[in-house]
Amino acid sequence: MASSPASSYDCSFKVLLIGDSAVGKSSLLVSFVSAAHIDDDIAPTIGVDFKIKFLSVGGKKLKLTIWDTAGQERFRTITSSYYRGAHGIILVYDVTKRESFTNLAEVWTKEIELHSTNKECVKMLVGNKVDKDEDRMVTKEEGLAFAQECGCLFVESSAKTRENVEKCFEELALKILEVPSLLEEGSSVVKRNTLKQKQENSNQSGGCCQ
Amino acid sequence: MQCGGGDGDEEQEVLAGAGRPPRGDGDGDEIIMEIGWPTDVRHVAHVTFDRFHGFRGVPEELLQPGAVVDGVVRAPSASKTVFGVSTDSMQCAYDGRGNSVPTVLLHLQRRLYDQGGLTAEGIFRVAADGAQEQYARDQLNDSGVVPDGVDVHCIAGLIKAWFRELPGGLLDELPAEEVTRCQTADDCARLCGATLPAPRAALLDWAVNLMADVAREEKANKMGTRNVAMVFAPNMTRADDPLTALGHAVQLMNFLNMLVERALNLNMHHDPPSFSSSSANSSVLVKAAAPVAN
């Protein structure tokens, strides 16, 4: 029983990846979850996709359900419904594409305001593709300034070399743990599930004895 | 025409309102305004409109400045905007394959190719700057021309937006279950030929060849047939329910993928330049009437 999924973690959080298409959202996720180096070509995401990762942060075992959304404009009506109940939102831009950075202010922060239901949800700004430093168009200072302006955490990463990939998700998780309302929400899901499982187990064993 | 009708209604309401005595005014004097028939009518000009030549026969003094370019009257569209309008009311021209396509798309395509868009990494996938795209769109609506200095991702974004906003969705007339049943590229082409009305089939043929031109540069732009089909497909269906739209988009993606691969193969065998005028037999769509070889 000790290894059953419900008891193997303390909290469960929902994290959302958003940003323009082709900035590397799926690559970040694959890089983080499978700890593998990314080959150059990951196809565009259709609609939404999610992956689950278990990790230990701050002495707690966490289950992160990370939703990867399509950046394509046509999918915005679909992806908007995934903001609901998110504990953390990762806004990704490509440091070699200025448009993907300006669109964060013009498009993506507005999407969050419109659709996010958790007012205390933790936001993280990620400037991806720092491995292409020779093509860089957005400086680290600009990223930092924007992050401060909208109250986000900030990190620059490379899904390709895995630089700062783990740091990005771990810092986000740490911050979520520091917000009491989010911590409570994330833990209550686990409690509910554990309770349900216990009931099911007792029912089963009851049936067995008879 | 609808536009004119709407204006007329408004005008009538205004007139009726003016004819009525103001409320609360107890006077009760009714003012009846009589409008006579026009007299002394002369036939000055006979003006016609069609999609390819625009307005013909407009007297010179009535032409808007800028309407005549190189001695040719530039045909305005019957509608004020170029997005979200049925192709029926838009000015069209023929592409190199004989497809009748709105001139705005041909203009965007020309600009995309001239500015090296085909070899730009992630073309049709990378988003343009939102403000720039809005600016370019406004200019396109006002003057029919993309302003200089607009980058290739913005132009590509406008092409996708044009399809996204097309009333009825380009491929929504294809029955979903038939689309699912298509196993080969020829199945797809046959289905299009049999079910799509001619204007839509022409648009699709144009779009598929555009996608093939993109996919041909895969080494440079990283947009193979699958990738380019994936970013176009969701813009060609307008199902309201997001989940239906999503499922349908996946089917259409496979469908488009097959058509683009077919266009690439056909062009390889026939080897026509992308804008040749005599490539009717390499059209990706099998016309319903034409006998199908194989």
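Just so you know, these numbers use all the heavy atoms, side chains as well, and skip hydrogens, waters and symmetry mates.
Here the straight-line distance linking atom CZ of R84(A) with atom OH of Y82(A) works out to 10.5 Å at 0.5 Å rounding. Taking CG of L170(B) as the reference point, atom CG of N235(B) lies at 10.5 Å (rounded to 0.5 Å).
Between chain B and the options S81(A), G47(A), A43(A), the largest number of non-hydrogen pairs under 4.5 Å is found for A43(A). In terms of heavy-atom pairs under 4.5 angstrom with chain A, the leader among A233(B), G224(B), G130(B) is G130(B). Considering only heavy-atom pairs separated by less than 4.5 Å from chain A, the leading option among G122(B), A249(B), A131(B) is A131(B).
If you measure heavy-atom distances from R164(B) to chain A, the contacts under 4.5 Å come from the side chain alone. With a threshold of 4.5 angstrom between heavy atoms, S21(A) approaches chain B through its backbone and through its side chain. Neither the backbone nor the side chain of M223(B) comes within contact range of chain A; no heavy atom of the residue lies under 4.5 Å from a heavy atom of that chain. The contact between F124(B) and chain A is made entirely by backbone atoms, counting heavy-atom distances below 4.5 Å.
Using the six-membered ring where Trp is involved, H87(A) and F13(A) have ring planes that are perpendicular, over 60° apart on the 30 and 60° scheme.
Between F154(A) and F146(A), the gap from one ring centroid to the other reaches at least 6.0 Å.
Taking the ring axis of F32(A) as reference, the NZ or CZ atom of K53(A) stays within 45° of it and closer than 6.0 Å to the ring centre.
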